[in-house]
Amino acid sequence: MTYLSVFVPGKPAPQGSKRYLGVKGGKGITVESSKAVAPWRADIRDSVKDHVAGRAQPGDAVSVALTFVMPRPASAPKRSTPPAVKRPDVDKLARAVLDALSSAGVWEDDSQVTRLVASKRIAQIGERSGCYITVEDAADQRDAWDSVKVERTADAASGGDQ
C-alpha cells in the first residue's frame, strides 16, 4: 500500500562524507562536505510534512522508490536527452532523501527501508528538476530478488549452474 507519493522540486544534492574539524568540549565536530545538502533536505522535509501530518507511520518494513531528475545542462543536445552518467552518485543522492524523510517523521529510522530503488536522469526539455518519492509498506511485498535466488538455488541443486 502506498503511504507517500510526492514530487519535490529543486536541485537534488548528494549527502557525501562529513569533514572532521576537530574536538570541542570533548565532542567531535564534523560538517557536511556539500553546502547544498542542508537546503535540499529542508525542501524535502517541507514538502513531505504536509503529506504525512496526522497519519500513522507505515509498518516496520518500507519500500522506497526515488527518481532523481537532474537539471538539464546547457550543453545537452536540444533533440535528445543523454543519460545522467556524471556526478553526483545516485547512492549519495538517496542518502540525503532517506535522512530527510527520517527527520520529517515518515518513519522512526531509515533502517526500516528494506527495499530501495533509486535512479537518476537528466530533465527533459522544459521539465523541472527534483525528485519523485514513493514510500510503500513493504510487509506484504515479495522481493523480486527472492525469486531469482530460489531459481539459482534450484539450478545449482540440479547441476544446471556449472
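Note that the structure is predicted; figures quoted are calculated from it, not measured.
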task: Check the pair R87 / K92 against side chain to side chain contact (heavy atoms under 4.5 Å, CB included), numbers first and verdict last.
output: CA-CA 10 Å; R87 291 180 188 229; K92 292 182 179 181; over 6 Å; no

task: Go through the steps to decide whether L101 and V48 satisfy the test side chain to side chain contact (heavy atoms under 4.5 Å, CB included), and finish with yes or no.
output: CA-CA 8 Å; L101 294 175; V48 168; 3.7 Å; yes

- prompt: Hey, mind stepping through W107 and S102 against side chain to side chain contact (heavy atoms under 4.5 Å, CB included) and telling me if it holds?
  reply: CA-CA 6 Å; W107 47 60; S102 293; 2.7 Å; yes

- prompt: Can you check side chain to side chain contact (heavy atoms under 4.5 Å, CB included) on E108 and Q57, steps first, answer last?
  reply: CA-CA 8 Å; E108 290 282 327; Q57 292 180 335; 3.3 Å; yes

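Follow the hydrophobic side-chain contacts under 4.5 Å out from I122 and you never reach V8; the two are in separate clusters. No chain of hydrophobic side-chain contacts below 4.5 Å, direct or via other Ile, Leu, Val, Met, Phe, Trp or Tyr residues, connects L66 to V37. When the side chains of ILVMFWY residues are joined at heavy-atom separations under 4.5 Å, either directly or via intervening members, L4 and F68 end up in a single hydrophobic cluster.
With contacts defined as side-chain heavy-atom distances shorter than 4.5 Å, the pair T134/T2 qualifies. Contact of the V62 side chain with the T114 side chain is not registered, since no non-hydrogen atoms from C-beta on lie closer than 4.5 Å. Side-chain atoms of V64 and R115, non-hydrogen and from C-beta on, never get closer than 4.5 Å to each other. In this structure, the side chains of M70 and K11 stay at 4.5 Å or more apart for every pair of heavy atoms. Side-chain contact check for I133 versus V97: some heavy-atom pair is nearer than 4.5 Å. Using a 4.5 Å heavy-atom cutoff, the side chains of P77 and P82 are in contact. A heavy-atom distance below 4.5 Å is not found between the side chains of C131 and F7.
Residues P71 and P12 approach most closely at CD-CD, 4.5 Å, considering heavy atoms. The two atoms that bring P88 and K120 nearest to each other are O-NZ, 2.5 Å, heavy atoms only. What you find for P9 and W40 is that their closest heavy atoms are O-CZ3, 3.9 Å. A94 approaches L116 most closely through the heavy-atom pair CB-CD2, 4.2 Å.
Side-chain atoms of R72 and Q124 form no donor-acceptor pair, as typed in the model, at a separation below 3.5 Å. T67 and R121 share no donor-acceptor pair across their side chains, judged by distance under 3.5 Å alone.
Between the OG1 atom in T81 and the CD atom in E127 there is a gap of 8.5 Å [rounded to 0.5 Å]. D137 CG to Y3 OH: the interatomic distance, rounded to the nearest 0.5 Å, is 10.5 Å. The CZ atom of R41 sits 11.5 Å away from the CG atom of L98 when rounded to the nearest 0.5 Å.
Between the side chain of S47 and the backbone N or O of I44, no donor-acceptor pair lies under 3.5 Å. Between the D89 side chain and the D91 main chain, no donor and acceptor come within less than 3.5 Å of each other.
Around atom CG of D60, no more than 12 heavy atoms belonging to other residues, nucleotides or ligands sit under 6.0 Å away. In this structure, R128 places its CZ atom where only 12 or fewer heavy-atom neighbours from other residues, nucleotides or ligands lie under 6.0 Å away.
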